[in-house]
2 protein chains.
Amino acid sequence: MADLAKLAGLSKITVSRALSDSPLVNPETRERIRELAREHGYKLNISARNLRLRRSHTVAVIVEMKPSSDRTMFDPYPLGLLGGISQELTAAGYSVLLTTRQGATAAAVQAADGLILLGQGVHQDAVHRFDKLGVPMVVWGAGLKGDSHVVVGSDNRLGGAVVADHFFRLGRRHPVFIGNPSHPEIYERLNGFVDALGVHGIKPLLMRRDEFTADSGTDAVHSLQARKVDFDAIFACSDLLAIGAIRGIQQMGRTVPGDVSVVGYDDMPLGASFLPALSSVHQDWQEGGMLLARKVLALIRDEPAQSETLPVSLVVRST
Amino acid sequence: MADLAKLAGLSKITVSRALSDSPLVNPETRERIRELAREHGYKLNISARNLRLRRSHTVAVIVEMKPSSDRTMFDPYPLGLLGGISQELTAAGYSVLLTTRQGATAAAVQAADGLILLGQGVHQDAVHRFDKLGVPMVVWGAGLKGDSHVVVGSDNRLGGAVVADHFFRLGRRHPVFIGNPSHPEIYERLNGFVDALGVHGIKPLLMRRDEFTADSGTDAVHSLQARKVDFDAIFACSDLLAIGAIRGIQQMGRTVPGDVSVVGYDDMPLGASFLPALSSVHQDWQEGGMLLARKVLALIRDEPAQSETLPVSLVVRST
DNA sequence: TTGAAAGCGCTAACAC
DNA sequence: GTGTTAGCGCTTTCAA
C-alpha cells in the first residue's frame with residue numbers, strides 16, 4: 001500500500017480507502033488507485049488487516065468425517081451443506097476453515113470469529129466442549145427442547161408426518177418404522193410418523209436397527225416375517241435401509257409397491273435410479289448450509305438468531 | 001503476551017519463546033509461563049504471528065462442489081480426501097481453507113501459502129487460472145504426460161489392468177468397458193484395461209456412456225443386446241453404472257456372475273450391500289488426501305515434489 | 001539465558 | 001477529499 005501510495009503521489013490511507021470502496025475518496029482517485037493496484041498485482045495482506053481489525057474473518061466448520069456405519073455422514077449430505085456454507089460465508093467476506101473434532105484445538109480454529117458444528121447433534125459432548133470457547137456457534141441437527149443453542153436442521157417431524165399421510169392415503173394401515181431412534185434426528189422422524197398416524201388411530205411398529213446399511217434393512221424385514229407381523233408399509237430412515245427392505249420384501253415373494261409401500265430418507269441419487277425407483281424424503285442440504293452460515297454471521301454481528309427447521313418434501317416415485 | 005510478561009516479571013519475547021518451545025529459554029521459566037498462559041486462557045493471535053512471519057499458514061482447497069451427473073463428485077469421495085488433507089495439514093500447523101471455484105477470488109484464498117485443487121483434472125482451464133497466482137499448487141486427478149504440475153491421483157491404469165487380469169483369469173474373453181473416456185481418469189482406466197487385455201490378444205468393446213447413473217448402465221447393456229454383441233464381462237467405471245448394468249443383464253435373462261462378470265469402480269458402500277454384492281476397484285481417498293497435503297507442504301518449504309499415483313485394489317465380491 | 005528495539009501491513013481516529 | 005499519527009500482537013535481529 002505504501003508503494004502504491006508513492007506511485008500515485010498519495011498517502012497510504014487514501015489507497016486503503018480507495019481499495020475498500022470508502023465513500024470518502026474521490027471516485028477518480030479511487031479508479032486511478034484501483035487501476036494501479038491491478039497493474040502491479042497488488043494483494044491485500046489479510047493478516048495485517050485482521051490484526052488491525054481484531055477479527056479473523058474466519059468461521060471454523062467442524063465436521064465429523066469418520067464415516068461410521070452408525071451415521072449417515074457419508075453420502076452427498078455433508079458436501080451439500082459445505083457448499084451452502086461456503087457460498088454464503090464467502091459472499092460475506094468470511095473464510096471457511098475446515099476442521100475435524102481432533103483438529104479443533106489448533107490456534108487458528110480457536111481464533112475463528114464463529115463456529116459451525118456438523119455431524120453431531122446438540123446432545124453430544126462435543127458441543128459443550130466448543131461452548132466453552134465463547135465463540136458464536138451454530139449447530140446442525142435436531143434441537144433439544146429447552147436447549148439454548150442455535151440449531152439448524154431439516155424438519156424431521158414433518159418428514160415423518162408426510163410419510164404417514166402418504167401411507168394413510170394409500171390405504172396402508174399396518175406401517176413399520178425401521179431405524180435407530182437414539183439419534184435425535186431419527187427420533188424426531190419417528191415421532192412425527194407416530195403422531196400423524198395416531199390421528200387416524202394407527203400405531204406403527206418400530207423395528208429398531210442401528211446400522212444404516214441395506215443388509216440391515218433386509219434383515220429387519222426377515223425379522224418381521226419370522227415374527228409373522230402383518231405389515232403393508234415401511235418407512236426406513238435411510239435410503240440404503242429402504243433398498244435393503246425392498247429386497248427382503250421381494251425375497252418373501254411379495255411385491256413393492258403392490259403389497260407393501262416403502263419410503264426412504266435422504267433422496268440419494270442411487271435411490272432414484274434403483275429399480276423400482278425409490279420414494280424418499282428429500283432435504284435441501286444446500287439451503288441448510290446457507291442458513292447455518294447466515295445464523296453464525298448474525299451472531300457474529302451481535303444480531304439475534306433463532307433455531308430454525310427447514311421444510312422437507314416427499315418425492316414419490318415407484319415404491 | 002505483554003500481559004503475561006508483566007505477570008511473570010519477564011519480557012514479551014521470553015514469553016513468546018516459552019510458548020513456541022524455543023530451546024533458548026530456561027525449562028523452568030518456560031513451564032512457569034505456560035502455566036500462567038493456561039491459567040489466564042491466553043490465546044495466540046494468529047493474525048499478528050502471520051503478519052510478522054509473512055505467511056498465512058493456510059492452504060486453500062478448491063473443490064468442485066456442483067454435483068453434476070457428469071462426475072462422481074458426490075459420494076464418499078471428496079470427504080475422504082478432505083479428511084486426509086485436513087489431518088495432515090493440521091498436524092503441520094496449517095489451516096484448511098475450503099472454497100469453490102467461484103470463491104477462489106477472495107483475498108484470503110489469494111493469500112494462501114498453497115493450493116490444492118480437487119475435482120478437476122490438469123486439463124481443465126481452472127488449473128491455468130490458478131497457475132497464475134504463483135502459489136505452490138497440487139492437483140488431484142490424472143496427469144497429462146509432459147505436464148509440469150504436481151498431480152496426485154490413484155492409479156487408474158492399474159485399476160483397469162487388475163480388472164483385465166481378473167476377467168482373463170475367470171476365462172472371460174469378450175469384455176466390455178462402460179464409461180466416458182473423455183475424462184482423463186476414466187481414459188486411463190480404459191487404457192490400462194485395453195493394454196492388459198491386449199497382452200492376451202483380447203480387444204474389449206467400448207460402450208461410451210456419459211452419465212454415471214444406474215439407468216445409463218442398464219441402457220448400455222440394452223444396447224449391447226440390441227446390437228447382438230457377444231459379451232461375458234463388464235467393467236463399469238462407476239459403481240452406479242455397474243449396478244445398472246447388472247440389472248440390464250438380469251432383464252436379458254442372463255445371470256451375474258454366472259453368465260457375465262461385472263466390476264465397478266469406487267467401492268461405494270451401496271455396492272457392498274447390493275445383491276449380488278458388487279466387485280469393485282477400491283481407492284484409498286484418505287491416503288490420497290494425506291499425500292496431496294504432504295506435497296503442497298513440501299512445495300511451500302521449497303522442497304522438491306513429484307507427481308505420484310496411489311495403488312488401487314480390486315475387491316472381489318460376488319459379481 | 002534474557003531483553004530492547006524495530007517493524008511486518010493495515011486502518012481508526014483525528015486533524016486539515 | 002486527503003493526510004498524520006498511532007498501534008493492532010507478534011517475532012527477528014542484535015546486544016547484554
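Throughout, protein chains are lettered first and strands after them, A, B, ... in sequence-line order, and every chain is numbered starting at 1.
- Judged as a side-chain contact (heavy atoms from CB on, under 4.5 Å), and not counting sequence neighbours, A:Arg52 has no contacts.
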Practice task
Decide yes or no on side-chain contact (heavy atoms from CB on, under 4.5 Å) for B:Glu88 and B:Tyr94, but give the supporting numbers first.
Solution key: CA-CA 9 Å; B:Glu88 206 68 12; B:Tyr94 276 75; over 6 Å; no
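- Checked against side-chain hydrogen bond (donor to acceptor under 3.5 Å, both in side chains), A:Glu188 has no partners two or more places apart in sequence or in another chain.
- Evaluation of the side-chain hydrogen bond (donor to acceptor under 3.5 Å, both in side chains) test over residues 15-30 of chain A, restricted to residues two or more places apart or in two chains, returns none.
- With sequence neighbours left out, the salt bridge (Lys or Arg N to Asp or Glu O under 4.0 Å) criterion links A:Arg38 to A:Glu35.
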Handout entry: Contact pattern, 5' to 3', of nucleotides 1-8 of chain D - B, S or - by protein heavy atom under 4.0 Å
Key = BBBB-BBB
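- Protein chain B contacts DNA chain C over a range whose 5' and 3' limits, counting nucleotides with an atom under 4.0 angstrom from a non-hydrogen atom, are C:dT1 to C:dG9.
- Taking every heavy atom of residues 35-44 of chain B and every atom of DNA chain D, pairs under 4.0 Å involve B:Tyr42, B:Leu44, by number.
- Residues A:Gly288 and A:Val152 approach most closely at O-CG1, 4.2 Å, considering heavy atoms.
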Problem - Check against side-chain contact (heavy atoms from CB on, under 4.5 Å), A:Val61 and B:Leu98 - result: CA-CA 10 Å; A:Val61 178; B:Leu98 189 73; over 6 Å; no
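- Sequence neighbours left out, the pairs with a member in residues 295-306 of chain A that pass side-chain hydrogen bond (donor to acceptor under 3.5 Å, both in side chains) are A:Lys295-A:Glu308.
- The rotation axes computed at either terminus of the helix from C:dT1-D:dA16 to C:dC16-D:dG1 lie 30° apart, taking five pairs at each end and rounding to 10 degrees.
- With sequence neighbours excluded, no residue satisfies side-chain hydrogen bond (donor to acceptor under 3.5 Å, both in side chains) with A:Thr58.
- Side-chain atoms of B:Asp266 and B:Gln283 include a donor-acceptor pair closer than 3.5 Å.
- Judged as a side-chain hydrogen bond (donor to acceptor under 3.5 Å, both in side chains), and not counting sequence neighbours, the contacts of A:Asp113 are A:Ser56.
- Shown here are the side-chain hydrogen bond (donor to acceptor under 3.5 Å, both in side chains) partners of A:Arg34, two or more places apart in sequence or in another chain: there are none.
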